[in-house]
Amino acid sequence: MRDCLLPVPDLAVSVGGSGAGPFSRTAEARRTAYQWVLPLVLLALAVGLAVVWPLHPVLAALWGGLAAVLVVALVLSALPRCPVGVLDQLLLLGGWSFLLGRLGLGLFAPHLAGGGPALLGLLLPWFVLGLLASGWVLGHRLGRVVARSALGATGVMGALYGLRGMAGTDGEELSLALLAQLLLVGGLVLWGQESTLARPKGNPGPWPDLPPHEADPLTGLPLRRPLERRLRALRRPVAVAVVGVDHLPELEREGGAVLVQTVRAHLARTLAAATRSGDPVACLGEGTFAVLLSATDPVAVRVVAERLRLRVASRPLAGRVVTVSVGLAVGSGTDALARAEATLRDAQAGGGHRVEVASDTR
């Protein structure tokens, strides 16, 4: 079972791997899903149209446009160079165009396309799905624009439908009521999305509003400067554990920069999963991380350090066991960090894969 991730790219776990992260694997899974699902959708569409054929030319053109979008998306899904995001956007655009076109025909030309309450009942679930999919596929900002535009276009059609005095019979009045309900449901869906995104996401952690230039690009962890700033701001003693990858130059010679970066990301995830939320983790450099421990008892912090060391060693990476050494020091300010780094160097000089405690901490 994998750890809960930091904002860390999941790099290739084998030397010379593709380096595809989790987003890439998700994108490829979506591409594969499109290649399986789209032919089935096209087949179902063809069977359905064959059952109700012939159709009015306007309605036939609407269904034909949807089929063309699906065919184009299927062809593009077979092209590795075509980003999956393009397929997402194409299908979303085609889906909204069909939904709004079908709604418009049903409201203003029911004699051509068939309208009334039955049509609105059929469109309602797809309408809600389209609103949700806009945010899923396009992201919050662009998805919000598309969803609001679609909801606004629906509202305009509903207003025109009422102003033109077309709601005269019981069926037409019911259609107008269902259209109002559709707009209400759509508005509630968008409001729910906005409320969810605006909700505070729990504890912001020990590094709120960290500037991008003070974060490690690979792991997203704070660098040395914000760590030292935090140490100077603390008004109490703190235990500092500096964790370093053993034999890093040898790893780089064997596997190159890709392996080193993979090891760094792996170590950052492991440390984040093995420490408490109140114990901040920072990146000091290539293969070296610092953990601020709230406990200051020498025995307790050594137990924590040993657990970190064993946790890393128990998780092989790319078929090899990666070990770390830990330097521990208890004190105030940046002096504790400096002593922990010196202790780490002593631990690695002694062979590595060990925990060393600063002499004045024992």
- prompt: Backbone N or O of S332 within a donor-acceptor pair of the R236 side chain at under 3.5 Å?
  reply: no
query: Between E341 and R224, is there a salt bridge with N-O shorter than 4.0 Å?
result: yes
message: More than 12 heavy atoms of other residues, nucleotides or ligands under 6.0 Å from CZ of R229: yes or no?
response: yes
Single-linkage hydrophobic cluster V303~L293, side-chain heavy atoms < 4.5 angstrom: no
- prompt: Would R354 and E356 pass as an ion pair if we require N to O under 4.0 Å?
  reply: yes
message: Quick check on the hydrophobic clustering: are V299 and L308 connected, directly or via other members, by side-chain heavy-atom contacts under 4.5 Å?
response: no
message: Tell me whether V72 shares a hydrophobic cluster with L93, the cluster being built from Ile, Leu, Val, Met, Phe, Trp, Tyr side chains joined at under 4.5 Å.
response: no
message: Quick one, V240 and L328 - any side-chain contact, counting heavy atoms below 4.5 Å?
response: no
message: Less than 4.5 Å apart, side chain to side chain, heavy atoms only: is that true for E250 and E252?
response: no
- prompt: Is L43 linked to L38 within one hydrophobic cluster, defined over Ile, Leu, Val, Met, Phe, Trp and Tyr using a side-chain heavy-atom separation of less than 4.5 Å?
  reply: no
- prompt: Do D216 side-chain atoms and C283 backbone N/O form a donor-acceptor pair below 3.5 Å?
  reply: no
- prompt: Cut-off 3.5 Å, side chains only: do T343 and D346 have a donor facing an acceptor?
  reply: no
Salt-bridge present (R302, D297; N to O < 4.0 Å): no
message: Donor-acceptor pair, distance only, cut-off 3.5 Å: does the side chain of R31 make one with the backbone of C82?
response: yes
message: Determine whether a donor-acceptor pair (N or O, by modelled atom type, separation under 3.5 Å) exists between the side chain of H266 and the backbone of R315.
response: yes
task: Begin with the C-alpha distance, continue with both residues' side-chain angles, and end with the deciding distance and a verdict on side chain to side chain contact (heavy atoms under 4.5 Å, CB included) for L248 and V245.
output: CA-CA 6 Å; L248 192 63; V245 178; 4.0 Å; yes
- prompt: Distance-only, no hydrogens or angles: does the T288 side chain make a donor-acceptor pair with backbone N or O of G244 under 3.5 Å?
  reply: no
